[in-house]
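Working notes for the structure below.
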Amino acid sequence: MSHQIYFLGAGPGDPELLTRRAERLLKECRVVYLPPMYDQTFAEFLEAKELFIPFEYYFADLIEQIKSQLTSGPIAFLVPGDLTFYSPFQALVDALGPLAVVVPGVGSANAASALLKKTLDLPGVCSRAILASPRTLGDGPDAPTMGDFAAPGVSLLIYMNNIPLPELVAQLREGYGKDTPLALAHRVGHPDEEVVVASLDTIVAKVGNRDYFNLDSPNPRPALTLVLVGESLTAEADPTWWDYRRDNIWKYQDNS
Ligand SMILES: C[S@@+](CC[C@H](N)C(=O)[O-])C[C@H]1O[C@@H](n2cnc3c(N)ncnc32)[C@H](O)[C@@H]1O
């Protein structure tokens, strides 16, 4: 019987954010597939393991190699963040069918929210969240833009941004007011993580010439920068909601 390949949500970069299940499964595997950025941050977990970079292979060759390696033992596949959003590995999971096991992890959205110490929905402030990427919206004349998602009460999370910041802000201003906060969460979970928070009116000046999106780089890979927009980023939670819930929801809790 063949072993299985574990697609481990490995978190944004910090190995402390591995789940206990992912850590246990990683320890069991001698063969590990991982994106290049993880070989240093995960070094302590990778000693004496055989490492492979998945992006070096064509799809059919990769599947064939994985199936052959599975005859000798289980395989760990480190998925940046978590598979839930913007993960390029779905085709592998589908092709491997029952050989594949997916283990959830900490996505960059979760890690950025923790860094900002802000929940992204807040009663009376933000009632919904939209995750989007300008890279995947299409290029045609009818393709949506970030302006189509911008609205008061929406927390917008923008992955893999490839639009220059002034242009992105102009799109966001189609639906948000000038004082709406925007955060750039850069390389979250890495030793050089940074976060910049300003309003849509001031973010461009605050960032200056700093290229958080690698737009000036010949390397086409998206930068590790998550853009978060919405009033909940700087709002203070209204404590009266606590008492309302205590009286109307929590006191009816049945723990049996
Ligand atoms: C291909 S997507 C992978 C997202 C991943 N599946 C997740 O759940 O975090 C890559 C994009 O995710 C965001 N991202 C991933 N890791 C990040 C990090 N450590 N810090 C900030 N943003 C990150 C950035 O927007 C980056 O361009």
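By convention here, the first residue in the shown sequence is residue 1. Just follow the structure's listing: the first ligand is 1, and inside any ligand the first atom is 1.
- Side-chain atoms of Ser155 come within 3.5 Å of backbone N or O of Leu120 as a donor-acceptor pair.
- Residue contacts with ligand 1 leave out Gly189, since none of its heavy atoms falls under 4.0 Å from the ligand.
- Looking at ligand 1, you won't find any N or O of Ile158 less than 3.5 Å from one of its N or O atoms.
- Residue Ala109 places no N or O, backbone or side chain, under 3.5 Å from any N or O of ligand 1.
- Evaluated by nearest non-hydrogen atom to atom 21 (C) of ligand 1, the leading choice among Val79, Leu224, Leu115 is Leu224.
- For Ala223, a nitrogen or oxygen atom sits less than 3.5 Å from a nitrogen or oxygen atom of ligand 1, counting backbone and side chain alike.
- Here's the thing with Ser87: none of its N/O atoms is less than 3.5 angstrom from an N/O atom of ligand 1.
- With Lys206 contributing its side chain and Val197 its backbone, the two residues share a donor-acceptor pair below 3.5 Å.
- Neither the backbone nor the side chain of Pro88 has any atom closer than 4.0 Å to an atom of ligand 1 (non-hydrogen atoms only).
- Note on ring orientation: taking the six-membered ring where Trp is involved, the planes of Tyr159 and Tyr86 are tilted (angle from 30° to 60°).
- For the residue pair Gln90/Asp94, the side-chain donor-acceptor check at 3.5 Å is satisfied.
- Annotation for ligand 1: atoms under 4.0 Å from non-hydrogen atoms of Gly81 are 7 (C), 8 (O), 9 (O).
- For ligand 1, the polar-atom distance check finds no N/O of Leu83 at less than 3.5 Å from any of the ligand's N/O atoms.
- Comparing Tyr86, Tyr159, Phe85 against atom 12 (O) of ligand 1, the shortest heavy-atom distance belongs to Tyr159.
- Looking at Tyr33 and Gln69, their side chains do bring a donor and an acceptor atom within 3.5 Å of each other.
- In terms of polar-atom proximity, defined here as any N/O pair under 3.5 Å, His186 makes no such contact with ligand 1.
- Residue Tyr244 places its OH atom among 12 or fewer non-hydrogen atoms of other residues, nucleotides or ligands, all under 6.0 Å distant.
- For Phe77 and Phe89, the gap between ring centers is short of 6.0 Å.
- Both the sub-6.0 Å distance and the 45° axial angle are satisfied by Arg210 relative to the ring of Tyr212.
- Below 4.0 Å from some heavy atom of Arg187 lie the following atoms of ligand 1, by number and element: 19 (N), 20 (N), 21 (C).
- In summary, the atoms of ligand 1 found under 4.0 Å from a heavy atom of Pro222, numbered by their order in the structure, are 27 (O).
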